[in-house]
Amino acid sequence: MKKKDILIYILFLILIIIISSIKQIDMDGIWGYGFSYNIASGLVPYKDFNMIIGPLYSLVFSLPIKLFGNYLLLFTIGHSLIYASVIFLLYKKIGMNIIFLLMLFFMIQTPIGYNTFCSFLVIIILLLESSEFKYKEEIVGVFIGIILMTKHNIGMPLGIVYLLKNRKKIRKLLYLLIPVVITFSYLLINNAIFEYIDFCYLGMGSFLSNMTTDILSVPIYLLILFFLIKEYTNYKEFKILYLLAFQIVVFPILDQGHLMPALLPVVVYILLNENKKTKIFVKYFIAIGFIVGVITTGFTTTIMTKNNFLFLQGCPKNLPIYLEEYSKYIDSKKNRNIYLFNMNAYMIKIYRNENPTFFDLINKGNLGSNEEKYLKLLDEDCRKNKCLFILSNNDYEENNNSNQTSETFKIYVEKNAKYLETIPSKDKVYIN
């Protein structure tokens, strides 16, 4: 690589790290980091804590945390090395139009997360499909296998398109299975295969109850689908089918946080292939969204300066005080087993250098096929020990349509525990 190319790559890397760090961290990003943090701490996914994504993504990004410590910045750098490599390759194809892609990246709500990670893998597939590389089909199969072992609901439709395209299906399937075999070997060694199936497949029925949309995302999403269907009708290219298959990323939650990762590879396709009018429309759309995003970020975000896992990360302006006060309150109640039925439970636990458990992610559909099993475990613990429960004020608001928190545990607490007090965050505290 030439010296000039190295400097350009470093510039992209720095820009991606800065954009990702100043963006206000959200719960999807915290949960994704928390899964890798738990694995870096020696815990086994599905056996020691719950998640509904495949383990490969979390395993890969647990390595920098394992080596260097509990800092979200390490997680960011790990992703940024991959993102910057893809953006550098795109720069070689589209030149200064890469600025619009960086603007769009800034608009993504969770730039450092598994959905955006899958977006960049799909972009790599697009680049391979547009190349004359001899072994591109084999490498595409490997990347789809990685996506399958990261988010199976995305990987499955992509895998179907991949197998439909190739005549030598059994041979090509072997390449797709390489990441699958590696992942299942890890699960087999840790005796977690059944638990993986339970959380990632058998529990999906209740996860569908999280289905939500927002009024702005729906028309944009329908426009994307219309555009891709029209493109495939005109050109019959399989790379367009890959883009269509990837649109499942918004299911069952169609909001801005899921829409932008779905849009990212589509914009890459347009910048690589489309006519001038379409490119101009897309550029205007991105520029307006970028300006709005910059203004919003400036008014609502601060940078964490205290030395904890969020060091140098953008966050809501009240978050440092919130975490500090919450931690002090927990310290004052150490004589009890504490249950945080709160969307922020992962953040609070990791802030305290503690490992989140099954009871720190009680979203609907996130506890496998038998949610009652964990309610029984909770009941058994609190019959033997002193317990304290903190119910989030925000998560249980009646008009909070975006809330994913299960009502089951709130109902249990209100029936079986005694109200103690309301803390400054307005969360309600109960004791058994």
Side-chain angles (χ1 to χ4, degrees), residues 27-72 74-75 78-79 112-115 117-118 145-155 177-204 206-207 309 337-340 345-378 380-381 406 409:
M27 290 319 303
D28 277 340
I30 291 293
W31 290 327
Y33 176 80
F35 302 151
S36 290
Y37 171 70
N38 272 350
I39 292 173
S41 301
L43 302 186
V44 178
Y46 319 113
K47 290 185 75 71
D48 298 319
F49 64 96
N50 54 320
M51 61 185 197
I52 58 171
I53 64 170
L56 187 55
Y57 164 86
S58 302
L59 277 166
V60 169
F61 290 107
S62 70
L63 294 176
I65 304 171
K66 178 75 173 177
L67 292 172
F68 302 108
N70 180 19
Y71 288 98
L72 184 63
L74 299 171
F75 199 61
H79 286 73
I112 303 303
Y114 38 82
N115 287 325
F117 173 74
C118 289
I146 293 171
I147 294 172
L148 180 63
M149 288 293 94
T150 296
K151 286 200 76 175
H152 49 278
N153 63 319
I154 302 173
L177 289 176
I178 291 172
V180 177
V181 170
I182 293 171
T183 305
F184 268 80
S185 297
Y186 167 80
L187 294 171
L188 183 62
I189 291 168
N190 288 283
N191 193 28
I193 289 179
F194 173 77
E195 288 83 357
Y196 162 72
I197 293 170
D198 184 51
F199 280 104
C200 293
Y201 295 92
L202 301 182
M204 286 303 292
S206 54
F207 183 71
F309 90 103
N337 293 347
I338 296 175
Y339 289 92
L340 301 173
Y346 254 63
M347 187 184 298
I348 294 164
K349 283 286 189 75
I350 300 169
Y351 175 81
R352 293 172 52 81
N353 294 308
E354 298 173 359
N355 290 107
T357 69
F358 292 99
F359 297 102
D360 295 313
L361 184 51
I362 57 168
N363 290 358
K364 290 173 279 190
N366 279 254
L367 288 169
S369 60
N370 185 11
E371 188 177 280
E372 293 295 320
K373 167 186 172 183
Y374 298 95
L375 205 59
K376 289 178 182 177
L377 290 174
L378 171 67
E380 288 172 8
D381 177 43
S406 171
F409 294 88

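Heavy-atom basis, side chains included; hydrogens, waters and symmetry copies ignored. The shown structure was predicted, so the numbers you read here are calculated from the model rather than taken from an experiment.
A distance of 11.0 Å separates CG of N355 from CD1 of I39, quoted to the nearest 0.5 Å. How far CD1 of I193 is from CG of L188: 4.5 Å, rounded to the nearest 0.5 Å. The structure places CZ of F68 at 10.0 Å from CG of L63, a figure rounded to the nearest 0.5 Å. If you take CZ on F49 and CZ on F35, they are separated by 7.0 Å, rounding to the nearest 0.5 Å. Between the CD1 atom of I147 and the SG atom of C118 there is a distance of 5.5 Å, given to the nearest 0.5 Å. With rounding to the nearest 0.5 angstrom, the CE atom of M27 is 8.5 Å from the CG atom of N363.
The heavy-atom pair separating S406 from K364 by the smallest distance is CA-CG, 3.9 Å. When all heavy atoms of A40 and S62 are compared, the pair lying nearest together is CB-O, 3.6 Å. The minimum heavy-atom distance between F75 and I65, with the atom names listed, is CD1-CD1, 4.3 Å. When every heavy atom of K151 is checked against every heavy atom of N115, the shortest pair comes out as NZ-OD1, 3.0 Å. Taking both residues in full, the closest heavy atoms of M149 and P179 are given as CG-O, 3.8 Å, listed atom of the first, atom of the second, then distance. In plain terms, the two heavy atoms of N50 and F199 that are nearest each other are CB-CE2, 3.5 Å.
In this structure, S36 contributes its side chain and S58 its backbone to a donor-acceptor pair below 3.5 Å. Between the side chain of N38 and the backbone N or O of L43, no donor-acceptor pair lies under 3.5 Å. With D198 contributing its side chain and F194 its backbone, the two residues share no donor-acceptor pair below 3.5 Å. Between the H152 side chain and the G54 main chain, no donor and acceptor come within less than 3.5 Å of each other. For N337 (side chain) and D381 (main-chain N/O), no donor-acceptor pair under 3.5 Å exists by modelled atom type.
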ask   = What do the steps show when you test L361 against M51 for side chain to side chain contact (heavy atoms under 4.5 Å, CB included), and what is the final call?
value = CA-CA 8 Å; L361 184 51; M51 61 185 197; 5.5 Å; no
request  = Applying side chain to side chain contact (heavy atoms under 4.5 Å, CB included), run through I146 and F117 and close with a yes or a no.
outcome  = CA-CA 10 Å; I146 293 171; F117 173 74; 4.3 Å; yes
request  = Take I362 and F409 through the test side chain to side chain contact (heavy atoms under 4.5 Å, CB included) and record every step on the way to the result.
outcome  = CA-CA 8 Å; I362 57 168; F409 294 88; 4.0 Å; yes
task = Report the C-alpha distance between Y114 and H79 in whole Å, list the side-chain angles of each, state the deciding distance to 0.1 Å, and finish with yes or no for ring-ring contact (aromatic ring centres under 6.0 Å, His included).
result = CA-CA 10 Å; Y114 38 82; H79 286 73; 9.6 Å; no
key: Worked verdict on Y186 versus I182 for side chain to side chain contact (heavy atoms under 4.5 Å, CB included)   = CA-CA 7 Å; Y186 167 80; I182 293 171; over 6 Å; no
In residues 345-352, what donor-acceptor pairs under 3.5 Å come from side-chain atoms, sequence neighbours left out?
| residue | atom | partner | partner atom | Å |
| --- | --- | --- | --- | --- |
| K349 | NZ | D360 | OD2 | 2.8 |
| R352 | NE | E354 | OE2 | 3.2 |
| R352 | NH1 | S327 | O | 3.1 |
| R352 | NH1 | S327 | OG | 2.8 |
| R352 | NH1 | D331 | OD1 | 3.1 |
| R352 | NH2 | D331 | OD1 | 3.1 |
| R352 | NH2 | E354 | OE2 | 3.1 |

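With ring centers used as reference points, F309 lies 6.0 Å or more from Y71. Here the two rings, on Y33 and F61, have centers that are 6.0 Å apart or farther. Y201 and Y196 have their aromatic ring centers within a separation under 6.0 angstrom.
Annotation: side chain of F359 is in contact with side chain of L377 (closest heavy-atom distance under 4.5 Å). With a 4.5 Å cut-off on side-chain heavy atoms, W31 and P356 do not count as touching. The closest side-chain heavy-atom distance from T183 to V180 is not below 4.5 Å.
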